[in-house]
Participant: 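I am attaching a structure below and will ask some questions about it afterwards.
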Amino acid sequence: MTPDAKETILARIRSALSNAPEAPQIPRDYRARDGRERTAIVEDFIDRLLDYKAIVARIDEADLPQAIADACRQHTITRLIVPSDIPGDWIPGEVTALRDDPALAVGDLDSSDGVLTGCALAIAQTGTIILDGCVLQGRRVLSLVPDRHLCVVRTEQVVGLVPEAIAVLAERATRPITLISGPSATSDIELSRVEGVHGPRTLHVFVV
């Protein structure tokens, strides 16, 4: 495209927009906060996860290392991808931990048995886990390539409604955000469900 052609196109766009009506005001009368007790909010979150066919373990902090070890045995995980800042006591002794420091190659991620991460936030309303690449999460690709995702969610990280989560994420607008609502799954036009196409086919969540 020549510079003259580009300017002609942009000039036409500007001319068309100059007569455009003002954008309508966005309604903001939706609920912005879930006023229920935290126990009810967390129960809703777990219910959504189970509805999405995720595996959920509700545990205390002290039981987390054993729960992770049990999950690794359940899913036959022997090579586990972990972000560089995952605590050592989270990693089972019989598992080979592949720390992403220095950054692992995609081939290493693909040949692993699973990945273990924390999360940034979770939404009870939609059963969604949010990663933003910060503490205990690592790079976005870590949670997308391995076939099994073990994810630690603390109850204080669970908010009730989507607007609550958006308000928190607004403070992290430059972070790479990943939204996870159950194991990866898609359907074709005949509604044949296929799992694991766009991410892990197994999601195992530890609600601590």
Side-chain angles (χ1 to χ4, degrees), residues 23-71 74-75 82-83 85-87 89-90 114-138 140 142-144 148-187 193 195 198-208:
Q25 292 294 317
I26 300 173
R28 300 290 185 184
D29 56 350
Y30 48 76
R31 285 194 302 152
R33 184 172 179 79
D34 192 330
R36 295 177 299 161
E37 295 289 335
R38 174 149 302 277
T39 300
I41 293 173
V42 173
E43 288 296 336
D44 270 4
F45 174 62
I46 293 173
D47 183 64
R48 301 293 188 279
L49 288 173
L50 294 173
D51 191 49
Y52 293 148
K53 299 183 179 179
I55 301 168
V56 182
R58 188 166 187 177
I59 55 175
D60 294 326
E61 179 76 34
D63 298 324
L64 179 57
Q66 185 59 52
I68 294 172
D70 292 343
Q74 177 181 347
H75 303 297
V82 294
D85 57 349
I86 284 288
D89 62 351
W90 285 16
V115 60
L116 170 64
T117 74
C119 75
L121 204 62
I123 309 172
Q125 185 180 34
T126 57
T128 301
I129 296 169
I130 301 176
L131 308 184
D132 67 359
C134 286
V135 179
L136 305 179
Q137 300 161 68
R140 169 183 279 175
L142 300 189
S143 64
L144 297 178
R148 303 169 186 87
H149 184 186
L150 311 183
C151 187
V152 178
V153 179
R154 301 189 180 279
T155 56
E156 61 267 23
Q157 293 178 302
V158 182
V159 298
L161 304 175
V162 172
E164 291 179 273
I166 297 301
V168 175
L169 293 176
E171 304 168 2
R172 314 171 189 181
T174 60
R175 301 298 308 170
I177 304 298
T178 304
L179 307 179
I180 302 169
S181 297
S184 171
T186 189
S187 296
R193 180 183 172 95
E195 298 177 346
H198 308 297
R201 76 184 69 217
T202 299
L203 176 64
H204 195 130
V205 182
F206 309 96
V207 180
V208 182

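Keep in mind that this is a model prediction, so the values were computed, not measured.
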Participant: Between Thr117, Asp132, Thr178, which is the residue that forms a side-chain hydrogen bond (donor to acceptor under 3.5 Å, both in side chains) with Gln137?
Facilitator: Asp132

Participant: Would you sort out whether Glu43 and Arg58 count as a side chain to side chain contact (heavy atoms under 4.5 Å, CB included), showing the intermediate values?
Facilitator: CA-CA 10 Å; Glu43 288 296 336; Arg58 188 166 187 177; 2.5 Å; yes

Participant: Looking only at heavy atoms, what is the nearest atom pair of Val152 and Gln157, with distance?
Facilitator: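 Heavy atoms only, the tightest pair is O-OE1, 4.3 Å.
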
Participant: For the CD atom on Glu156, are there more than 12 heavy atoms of other groups (residues, nucleotides or ligands in this structure) within a distance under 6.0 Å?
Facilitator: yes

Participant: Determine the minimum heavy-atom distance between Thr128 and Phe45, stating which atoms define it.
Facilitator: O-CE1, 4.0 Å

Participant: Just so I know, are the side chains of Leu121 and Val159 near enough to count as touching, which here means a heavy-atom distance under 4.5 Å?
Facilitator: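 Yes, close enough: below the 4.5 Å cut-off.
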
Participant: Identify the two heavy atoms, one from Pro176 and one from Arg140, that lie closest to each other, and give their separation to 0.1 Å.
Facilitator: C-NH2, 3.5 Å

Participant: Hey, could you give me the CG/CG distance between Leu116 and Leu150, rounded to the nearest 0.5 Å?
Facilitator: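 Answer for the CG-CG pair, Leu116 versus Leu150, is 5.5 Å.
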
Participant: Could you give the distance from CZ (Arg148) to CD (Gln74), rounded to the nearest 0.5 Å?
Facilitator: 10.5 Å

Participant: Tell me whether Ser184 contacts the main-chain N or O of Gly199 through its side chain, where contact means a donor paired with an acceptor under 3.5 Å.
Facilitator: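 Present.
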
Participant: Kindly compute the distance separating SG (Cys151) from CD1 (Ile180), expressed to the nearest 0.5 Å.
Facilitator: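 Answer for the SG-CD1 pair, Cys151 versus Ile180, is 6.0 Å.
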
Participant: So, applying side-chain contact (heavy atoms from CB on, under 4.5 Å) with Val153, which one of Val205, Leu49, Val42 is it?
Facilitator: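 Of the listed residues Val205, Leu49, Val42, the side-chain contact (heavy atoms from CB on, under 4.5 Å) partner of Val153 is Val205.
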
Participant: So, are Glu164 and Arg31 salt-bridged, with charged N and O less than 4.0 Å apart?
Facilitator: no

Participant: If you look at every heavy atom in Leu179 and Ile177, which pair is closest and at what distance?
Facilitator: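 For Leu179 versus Ile177, the nearest heavy atoms are CD2-CG2, 3.8 Å.
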
Participant: Taking CZ in Arg38 as the centre, count heavy atoms belonging to other residues, nucleotides or ligands within less than 6.0 Å. Is the count above 12?
Facilitator: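 Yes, enclosed.
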
Participant: What is the minimum heavy-atom distance between Tyr52 and Thr126, and which atoms define it?
Facilitator: OH-O, 2.7 Å

Participant: Which heavy-atom pair separates Pro87 from Leu136 by the least distance, and what is that distance?
Facilitator: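 Taking Pro87 first and Leu136 second, the nearest heavy atoms are CD-CD2, 3.8 Å.
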
Participant: Is Asp44 reaching over with its side chain to a backbone N or O of Ala124, donor-acceptor style, under 3.5 angstrom?
Facilitator: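 Absent.
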
Participant: Mind running side chain to side chain contact (heavy atoms under 4.5 Å, CB included) on Val207 and Ile46 for me, showing each step along the way?
Facilitator: CA-CA 8 Å; Val207 180; Ile46 293 173; 4.1 Å; yes

Participant: How many angstroms lie between CD in Gln125 and CG in Leu161, if you round to the nearest 0.5 Å?
Facilitator: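 Here the rounded value is 5.0 Å.
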
Participant: Using side chain to side chain contact (heavy atoms under 4.5 Å, CB included), reason through Arg193 and Lys53 one step at a time and then give a plain yes or no.
Facilitator: CA-CA 13 Å; Arg193 180 183 172 95; Lys53 299 183 179 179; 4.2 Å; yes

Participant: So, do His75 and His204 have ring centers that fall under 6.0 Å from each other?
Facilitator: yes

Participant: Measuring from Ile166:CD1 to Ile123:CD1, what's the distance to the nearest 0.5 Å?
Facilitator: 6.5 Å

Participant: In Å and rounded to the nearest 0.5 Å, what is the OG to CD1 distance from Ser143 to Ile129?
Facilitator: 10.0 Å

